[in-house]
Amino acid sequence: MHRVVHRRQLSPNVTLLEVEAARIAQIRRPGQFVIVRLGGNAERIPLTIADAHPAAGTITLVIQAVGKSTRELVALQPGQAIQDIAGPLGHPTEQIDAGHAVCVGGGVGTAVVHPIAQGLHRKGVNVTSIIGGRSREWVIFEPELRALGDVIVCTDDGSYGRKGFVTDALKDLLTTVGADIVYAVGPVPMMRAVANLTRPLQVRTIVSLNPVMVDGTGMCGGCRVSVGAETRFACVDGPEFDGHLVDFDELMDRLGTYREFEQRAAQCADGPCRIGLAAPTAA
Amino acid sequence: MSSALTPRERMKLDRQKMPEQDPAARARNFAEVNLGFPEQMALIEAERCLQCKDPRCIKGCPVKVNIPRFIELMTEGNIAAAAQSLLDDNALPGVTGRVCPQETQCEIECIRGNKGMPVGIGYLERYVADWARNHRDQLATSKAPPTGRRVVVVGSGPSGLTAAGELARLGHDVTVYEALHKPGGVLVYGIPEFRLPKKIVEQEVERLQAAGVKIECNVVVGRTYTLQELREQFDAVFIANGAGLPVFMNVPGENLKGVYSANEYLTRVNLMAAYEFPRADTPVLVGRRVAVVGGGNVAMDAVRTARRLGAEQALILYRRTKTEMPARVEEIHHAEEEGIHFEFLTAPVEVLGNEKRWVRGLKCVRMKLGEPDASGRARPEPIPGSEFIVDCDVVVVAIGTRANPLLTSTCPELKLNRHGNIVVDEQGMTSLPGVFAGGDIVRGAATVILAMGDGKRAARAIDTWLAAQPRPTPSAG
Ligand SMILES: Cc1cc2nc3c(=O)[nH]c(=O)nc-3n(C[C@H](O)[C@H](O)[C@H](O)COP(=O)(O)OP(=O)(O)OC[C@H]3O[C@@H](n4cnc5c(N)ncnc54)[C@H](O)[C@@H]3O)c2cc1C
Ligand code: SF4
Ligand code: FES
């Protein structure tokens, strides 16, 4: 059992939970994730470790409520517990030792970018973060990232920081200051746009992928992604890959596999119902 | 029934037929297919055994269960002694009685098979095991005094559980680390409820825990702890992490929506209970026409699962013929009764998708059988120009698994063969002193009973090895 010791609402649908997981807190490295299962008949869901406090024996998870499982997780209050947390999983982030790194975070991806920026900063790398959200209230982790270097905030509606997409700000930065490496974590279209921008400029770009996962140990292959000509399992070979080689269209498509189920789960949340057995056919 | 039957009388007894759920009903539920012998039938079946002087059945059994002995004890009316005898040879008889391929192991050797049907050894094993599970209090448990040695077992499949039980019995302090949230390995995530009820595995796990074995789930060795750390914290290690890496077909379209590895498909349904969606949170695509590629037990489990989930048509695509299918005969037979379709001499060459990238079919090629290959089975060869399309909306790939490199890749000193399996000596010891391995991680995907045999052998080898190691000088106090 992993007790929630602290809970904070970061944006309208993003919640931070600090939970007990002493071993993982001790050894996790930037870029790694855990598989979390609330209990009972709950799903196994992958969540990036946003931060860790080895002394307190806790890790920080940042969760966007999108479906039934994540909504149940974010509803947890301090004192309540998560039954299963396995990890740390995946490879740690490939880091550079010197120079200038740009960390681009979109939405909840900003929470994933944070430990990467933290790791780089500790190594003495010069870090600029570009983070975005729909509007002011959706921007997260700004103070934490400010502590590690420059931060450029972008909002779609211009209610805070610069108006526009993170890619616009990245483009300006790359053409003026330049960068040795770019890390991008966020919605698939954002990561794809970043990769498309940096490819012709030949700036190495690392993205963190979030495909559907079950076990997280390389046993099911559900998390497979196409990288270059190869099929890779994101849970064990990733989750970070060379953004210039990732087939984002396929990833985006596969992420839609269970959309219909999510909707049904929401409809059935209030009572017994068997519609799960009706075949969601290739419409 | 007295034990005074003459051989002639015994020979007159027909093999008892296992009572099973009606095929039409069971094709729609996940309850166990075989219902088990009632006492009367079990005793008649036991009387069929001729108590051979030189019993061939034992030789056929990979762990050499003393078959005639437990059967004889049954006929003497001493079921407790029969159970004791069986459990001495086989730690999980309730599992093997259900999933062993008896028809190619003990029963194929049974002398009665020469003329008529062999003794139903598997059914009797299951009968005695089920009795034992419900009468624990009537069984003696022996346990050696604590040795003060700590042993860690990686993986809680049949190999790990058997080793853990044996090590605990020998007096060692045993901890099992399991990557998933539930112990049992393939027995809980792979083999479906209708063949092996999860309750049985749960009870076996509880029995081990009661015997002092500590089981910690959610520990992924290679990530949560390195093998090196385990070697420092424990006196010996047994690695039984299975062969869990799914093999894909490597054909175009394999990443379309609706293509699963058998591991993913079965894990969603068994471990995560997707068949109860939305009462369980994990979904699985049901599909109207489900095509399963492969001919082994895994393929059979997947296709029968598809049928139970509600597929109108569930079919097997296999590149050889029925004779070469590696699946257990009973499973093939059950599948046929449940209305599973079989396409033999068929190999997929491409997964076809619709405009929204959902699976709509498999482009296949017809095969013919050629010369025998290295395994002795006829090599299937494609017939040029024979392409045809199989309509389906879900594809399950069940063409095998390999060693998962997650653990081994983090420990380069561990010697592997070219398939990535751990190399061990006759004692089950790896290239690292004090680190033993067994089950599928050593053999490649094999069987439950072989995995268990490895576990037991390794436990004894660990015991011997530990006895020869100098004890660390006890610290004060
Ligand atoms: C669907 C299916 C049906 C089958 N049917 C039959 C049958 O009818 N008869 C038969 O005899 N055999 C059958 N088999 C084969 C049989 O199940 C295996 O040979 C047997 O389970 C192997 O046992 P094991 O203990 O070596 O490994 P497994 O049962 O695979 O157990 C390994 C365990 O280790 C865990 N693990 C893996 N990596 C790590 C790690 N790094 N750290 C911690 N834990 C880890 C896994 O999660 C798993 O729980 C079937 C297999 C499948 C998949
Ligand atoms: S070979 Fe058959 S008849 Fe002979 S001892 Fe074994 S089970 Fe009994
Ligand atoms: S989540 Fe199953 S292999 Fe990656």
Side-chain angles (χ1 to χ4, degrees), chain A residues 23-24 27 32 34-35 37-38 40-45 67-69 72 83-90 214-222 224-226 231 233 236 247 249-250 253-254 256-258 260-262 264-269 272-283, chain B residues 179-182 189 217-220 222-225 242 244-248 250 254-258 260-261 263-268 271-288 309-312 353-354 356-360 393-394 397 401 404-406 409:
Chain A
R23 174 68 189 169
I24 299 172
I27 56 165
Q32 291 189 298
V34 285
I35 292 267
R37 209 181 70 92
L38 187 51
N41 268 335
E43 276 183 286
R44 295 170 63 91
I45 47 178
K68 176 168 181 281
S69 302
E72 284 172 1
Q83 187 169 313
D84 303 297
I85 300 184
L89 301 171
V214 183
D215 57 301
T217 66
M219 183 269 274
C220 78
R224 62 195 187 277
V225 289
S226 295
T231 297
F233 291 180
V236 286
D247 184 341
D249 294 346
E250 181 186 280
D253 180 56
R254 285 180 63 79
T257 307
Y258 299 101
E260 232 178 295
F261 283 90
E262 283 289 351
R264 271 196 235 143
Q267 287 161 14
C268 298
C273 127
R274 301 295 296 162
I275 55 175
L277 284 178
T281 44
Chain B
L180 296 173
H181 61 270
K182 215 190 231 174
Y189 79 69
C217 288
N218 301 313
V219 176
V220 185
R223 294 277 197 259
T224 316
Y225 298 98
L245 186 78
V247 174
F248 284 92
N250 244 321
E254 211 163 16
N255 293 346
L256 290 166
K257 298 193 291 285
Y260 286 114
S261 74
N263 269 3
E264 179 178 4
Y265 188 67
L266 291 170
T267 299
R268 283 178 178 274
L271 180 70
M272 308 309 294
Y275 63 94
E276 303 215 43
F277 184 89
R279 269 182 293 148
D281 293 343
T282 304
V284 68
L285 296 173
V286 173
R288 269 191 307 220
L309 286 174
E312 287 161 26
N354 66 13
K356 289 189 176 160
R357 305 223 277 193
W358 286 95
V359 170
R360 69 174 171 84
D393 46 18
V394 169
V397 182
T401 54
N404 187 333
L406 179 67
S409 66

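Every chain is numbered from 1 and lettered A, B, ... according to where its sequence line falls, protein lines coming before strand lines.
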> Is there side-chain contact between B:Cys217 and B:Lys182, with at least one heavy-atom pair below 4.5 Å?
Replying inline: no
> Between A:Pro88 and A:Ile27, is any pair of side-chain heavy atoms under 4.5 Å apart?
Replying inline: yes
> Under a 4.5 Å heavy-atom cut-off, does chain B meet the side chain of A:Val236, its backbone, both or neither?
Replying inline: both
> What option among A:Gly216, A:Gly40, A:Gly90 has the most heavy-atom pairs under 4.5 Å with chain B?
Replying inline: A:Gly90
> Which region of B:Thr224, side chain (C-beta onward) or backbone (N, CA, C, O), has a non-hydrogen atom less than 4.5 Å from a non-hydrogen atom of chain A, or is it both or neither?
Replying inline: both
>> So for B:Tyr265, is it side chain, backbone, both, or neither that comes closer than 4.5 Å to the heavy atoms of chain A?
In response: neither
>> Between B:Leu256 and chain A, with a heavy-atom cut-off of 4.5 Å, which part of the residue counts as in contact: side chain, backbone, both or neither?
In response: backbone
>> With a 3.5 Å distance limit and no angle check, can you tell me whether B:Arg360 reaches the backbone of B:Gly353 through a side-chain donor-acceptor pair?
In response: yes
> Among A:Gly87, A:Gly67, A:Ser69, which has the most heavy-atom pairs under 4.5 Å with chain B?
Replying inline: A:Gly87
> Using non-hydrogen atoms only, which part of B:Leu406 is less than 4.5 Å away from chain A: side chain, backbone, both, or neither?
Replying inline: side chain
> What part of A:Arg254 is in contact with chain B, defined as an atom under 4.5 angstrom from a non-hydrogen atom: side chain, backbone, both or neither?
Replying inline: both
>> Nearest 0.5 angstrom please: A:Arg44 CZ to A:Asp84 CG, how far?
In response: 7.5 Å
> Quick one: does A:Arg224's side chain have a donor or acceptor within less than 3.5 Å of a partner on B:Glu254's backbone?
Replying inline: yes
> What are the two closest heavy atoms between A:Cys220 and B:Ser261, and how far apart are they?
Replying inline: O-OG, 2.6 Å
> Can you list the steps and then say if B:Tyr260 with B:Val394 is a side-chain contact (heavy atoms from CB on, under 4.5 Å)?
Replying inline: CA-CA 8 Å; B:Tyr260 286 114; B:Val394 169; 4.1 Å; yes
>> If we define contacts as heavy-atom pairs under 4.5 Å, which of B:Val220, B:Asn404, B:Thr401, B:Asn255 has the most with chain A?
In response: B:Asn255
>> Heavy-atom pairs under 4.5 Å with chain B: which of A:Asp215, A:Leu38, A:Leu89, A:Ile45 has the most?
In response: A:Leu89
